[in-house]
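Let me begin by presenting the structure, written as structure tokens, before commenting on it.
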Amino acid sequence: MSILINKNSKIIVQGITGSEGSFHTEQMIDYGTNIVAGVTPGKGGQIVFDNIPVFDTVKEAKNATDANASIIFVPPRFAANAIIESANEKINTIVCISEGIPVRDMIKAKEIIDKNKLNLVGPNCPGIITVDECKLGIMPGFIAKKGSVGVISKSGTLTYEAIDQLVKNNLGQTTALGIGGDPIIGTDMKKALKLFEDDKETKGIVLIGEIGGTMEIEAALWAKDNSTKPIVGFIAGQTAPPGRRMGHAGAIISGGDETALAKMKIMSECGIHVCESPSDIGIKMKEII
Amino acid sequence: MKIHEYQAKSILKKYNIPIQDGYTLNNIQDAKETILKVKNDFSTDDFVVKAQIHAGGRGKGGGVKYSPDFDTAYENAKNILGMNLVTPQTGERGKLVNTIYITEAFNIKKEYYVAITLDRERKKDVFMVSTEGGVNIEEVAKNTPEKITKIWIEPLENLSNEDAEKLADSLKFDKELKNQSKEIFINLYKCYKEMDCTILEVNPLIKSDNDKIIALDAKLNFDSNALFRHEDILSMRDLSEEDSMEIEANKFNLNYIKLDGNVGCMVNGAGLAMATMDIIKLTGGEPANFLDVGGAANADTIKNGFKIILKDKNVKAVLINIFGGIVRCDRVANGVVEAVNELGLKVPVVVRLEGTNAIKAKDILSKSNVKIIPANDLKDAAKKVVKEVIK
């Protein structure tokens, strides 16, 4: 068991012939991911990586391969349309890696995803890894070990840090999910918590947030009433000054509830085991699981 | 991206929003001519002199002055242009006023508040109006939230006529004012949407003594990811409002924000960069900066990062924390060695490299002749760098 993807997922890579797309396609194949097709407009008919056919459109790729998941590596100004293209073909799980998509474009894409009841992860995220089965993203696969902890994080490298700490404490993972740090994202923390709650193999959850927005608070309030699994939480940005965008488009404190301390307090009150220090994530999970 | 009030108003004007209009100047020798031009072009005998800086609360700091006649306007222009304006939003250091805006003046019957922004929770734009204009709206939101009316706009739609009417009704407008304001609200949303704004705020929107609705101030912030389709906005960028080191870092694709501490840090990824700042603080140090070298860090990125961090004279030690995923640690290690050899090592450097090719990287560092302090993990790295600063 796992969430969103597993060894049976059939995957399309949108932007497979670009430099990012082709590099990561190779990495994903090496991990054992079942990539069935690529899409790059104007490059239909090519074969890449020995046996992967490239199509001009997602529609053609889906018709030929019956794919049910896609990953997007197209430049930011075209990325929202790439999401919409997959959504129109009812691709069930769509992961968007592209960084720098205008908010206005994402509002539109998100609306179409929600109307079709599909799963979008990202944009501006490291993707998903279901350990030893399928990698739909850019995470370094070798750091993860199979086990029973689910990981949810807004940040890429901080996800790796958490996975590494878990492994050093002899705790493996089911699935690790980088949800992205943009103001509008497809899968928020609450939805990710629900997915892990329903996954029998997952026994504990690491939830890593950061300043900006109130998503962590909504997730914590949901967990208080609904979650049966222990959750270890961390919020990055305790030292971030208000009003400054800390790298991620969404990481900006514009109100009292958006500070790290406010989020940490509410998460604790909701029963989440909140770490003050980012180096305590692994050990804290070890203590409580 | 932020722009000045006069620039924001020039955009609103294109959307047929009635504004308090005027002209700018940045040399006091042009003041008399400019005031005269405002007097003639806008048929006004009294004026407002307004400092143009990217921070709110200008009035409180003495950067906005009503001037009943030509001579007072000239006096105020002389005083405000070139002043160091300190407002609740500029910090203690304040901001130098390089440009002033001389506008027509209105007799105000009532002030209102209008703003549009993204509601991240609902994933929809929210249009807010209040009868409590001109004041700090955050205070209103906290103490009397019922005085703010909010309307959410469906993702693929515009502000509807009915919703515009609801907003106007909440401000208790009569029929004539309602007609005026409905059109203004619809056009404000159109502007917000078409121009890829992240914030559009008019505070105050006023009712003048002859019952006209006018935007007295305007604040527009833009989505920097969308600037590729707004070259006109990009040309409004005022680099003098931004930190010069941050601009330089941007040239190298580095994301740098200067802070007040003395521990410089260089990290890959925004989340890990914030977490690294946090652990420095928790260990008893103070971070000097936020620096995300991004997903494609190589020897050059590291070198440029070093240069920028070391320009900050407060920096007493540097912590490099790289978790290599796509980034290969051996390349980072080579970058560290090169940078140290080229720039010389003036402060202690603690290096923690984890992930892809980390072992190879440790080997490179230990075999090199550069004196860096290796760290095993995040906690160890923070302890070591803080120890260097305290010693």
Side-chain angles (χ1 to χ4, degrees), chain A residues 23-24 27 76-77 99-105 107-108 110-111 114 126 138-140 142-143 153-161 164-165 168 181 183-184 208 210-215 218 234 236-241 243-251 255-256 260 276-280, chain B residues 89 117-118 120-121 123-125 138 141-142 154-156 193-194 196-199 223-229 255 257 259-261 267-283 286-287 290 292 294-295 321-327 354-356 377-380 382:
Chain A
F23 175 77
H24 290 293
Q27 304 274 316
R77 63 179 76 181
E99 174 179 2
I101 305 177
V103 172
R104 174 76 30 217
D105 300 1
I107 292 177
K108 189 176 161 193
K110 171 77 180 155
E111 172 79 357
D114 289 350
I138 60 173
M139 299 156 165
F142 74 92
I143 60 169
S153 169
K154 273 184 172 177
S155 142
T157 44
L158 196 48
T159 314
Y160 313 162
E161 175 70 39
D164 188 55
Q165 287 182 27
K168 282 178 177 156
I184 300 273
I208 300 173
E210 61 191 28
I211 53 159
T214 51
M215 183 193 293
E218 289 154 51
F234 173 73
Q238 295 166 47
T239 46
R244 301 302 308 269
R245 183 183 132 169
M246 307 302 281
H248 290 154
E276 219 185 14
S277 166
S279 64
D280 293 343
Chain B
Q89 289 181 24
T117 191
L118 173 71
R120 284 170 67 171
E121 253 175 80
K123 293 164 183 75
K124 287 173 188 172
D125 295 320
E138 266 137 33
K142 211 163 100 190
E154 288 306 312
L156 306 178
K193 197 171 172 178
E194 288 179 0
D196 282 297
C197 295
T198 53
I199 296 171
D223 179 357
S224 29
N225 289 341
L227 290 174
F228 67 87
R229 55 192 177 211
N255 209 327
I257 292 170
L259 302 167
D260 295 329
V267 188
N268 64 330
L272 189 60
M274 279 190 273
T276 305
M277 286 159 46
D278 293 347
I279 198 168
I280 288 170
K281 173 104 175 176
L282 287 167
T283 316
E286 284 287 341
F290 166 92
D292 172 12
N321 181 22
I322 303 286
F323 203 116
I326 303 318
V327 171
E354 192 62 72
T356 308
D377 56 34
L378 192 51
K379 199 175 185 171
D380 186 40

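Just so we're on the same page: letters track the sequence lines, and every chain starts at 1.
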If you tally heavy-atom pairs under 4.5 Å between each of B:N255, B:T276, B:V327, B:T198 and chain A, the highest tally belongs to B:N255
For the residue pair B:R120 and A:P183, what are the closest heavy atoms and their distance? NE-CA, 3.7 Å
Which atoms form the tightest heavy-atom contact between A:R245 and B:S224, and what is the distance? NH1-OG, 3.2 Å
Side chain, backbone, both or neither of B:D196 within contact of chain A (heavy atoms, under 4.5 Å): side chain
CG of B:N225 to CG of A:D105, rounded to nearest 0.5 Å, is 9.5 Å
Hey, which of B:Q89, B:K281, B:R229 has the most heavy atom pairs under 4.5 Å with chain A? B:R229
Cut-off 4.5 Å, heavy atoms of chain B, and the answer for A:D280 is side chain
Per-residue contact mode, A:S277 against chain B (heavy atom under 4.5 angstrom): both
Among B:D292, B:L156, B:I279, who wins on heavy-atom pairs under 4.5 Å with chain A? B:I279
Could you please spell out the steps behind the side chain to side chain contact (heavy atoms under 4.5 Å, CB included) verdict for B:T356 and A:F142? CA-CA 9 Å; B:T356 308; A:F142 74 92; 3.5 Å; yes
Sort A:K110 into side chain, backbone, both or neither according to what part of it lies under 4.5 angstrom from a heavy atom of chain B. side chain
Would you mind telling me which of A:P126, A:A236, A:G181 has the largest number of heavy-atom pairs within less than 4.5 Å of chain B? A:A236
Keeping the roles fixed (side chain from A:T157, backbone from B:N268), state whether a donor-acceptor pair exists under 3.5 Å. yes
Closest heavy-atom pair, B:A270 versus A:G247, reported as atoms and distance to 0.1 Å, is CB-CA, 4.0 Å
Please look at B:L259 and chain A and tell me whether the side chain, the backbone, both or neither of the residue comes under 4.5 angstrom of a heavy atom of that chain. side chain
Within this structure, what is the CD-CG distance for the pair A:E161 and B:N321, rounded to the nearest 0.5 Å? 6.5 Å
Between the CG atom in B:D278 and the OG1 atom in A:T239, the distance rounded to the nearest 0.5 Å is 4.0 Å
Are the side chain of B:D223 and the backbone of A:V103 linked by a donor-acceptor contact shorter than 3.5 Å? yes
What residue, out of A:S155, A:A251, A:P278, has the most heavy-atom pairs lying under 4.5 Å from chain B? A:P278
Chain B heavy atoms under 4.5 Å from A:P76: which part of the residue, side chain, backbone, both or neither? neither
Of the listed A:M139, A:K108, A:M215, A:E218, the one with the largest count of heavy-atom pairs under 4.5 Å with chain B is A:E218
Output the option from B:G324, B:A275, B:C197, B:G269 having the highest count of non-hydrogen pairs under 4.5 Å with chain A. B:A275
So for A:I101, is it side chain, backbone, both, or neither that comes closer than 4.5 Å to the heavy atoms of chain B? backbone
Chain B contact via A:Q238 - side chain, backbone, both or neither, heavy atoms under 4.5 Å: both
Contact origin within B:D260 toward chain A - heavy atom pairs under 4.5 Å: neither
For the NZ atom of A:K154 and the CE atom of B:M274, what is their distance to the nearest 0.5 Å? 8.0 Å
Pairs of heavy atoms under 4.5 Å with chain B: top-ranked of A:S153, A:P241, A:G213: A:G213
If you count heavy-atom pairs under 4.5 Å between each of A:H248, A:E99, A:Q27, A:K168 and chain B, which one has the most? A:H248
Which portion of A:E276 sits near chain B, non-hydrogen atoms under 4.5 angstrom: both
A:M246 versus chain B, heavy atoms under 4.5 Å apart: side chain, backbone, both or neither? both
Among B:K124, B:E154, B:K123, the residue with the most heavy-atom pairs under 4.5 Å to chain A is B:K123
N/O donor-acceptor pair under 3.5 Å between A:R104 side chain and B:A226 backbone: no
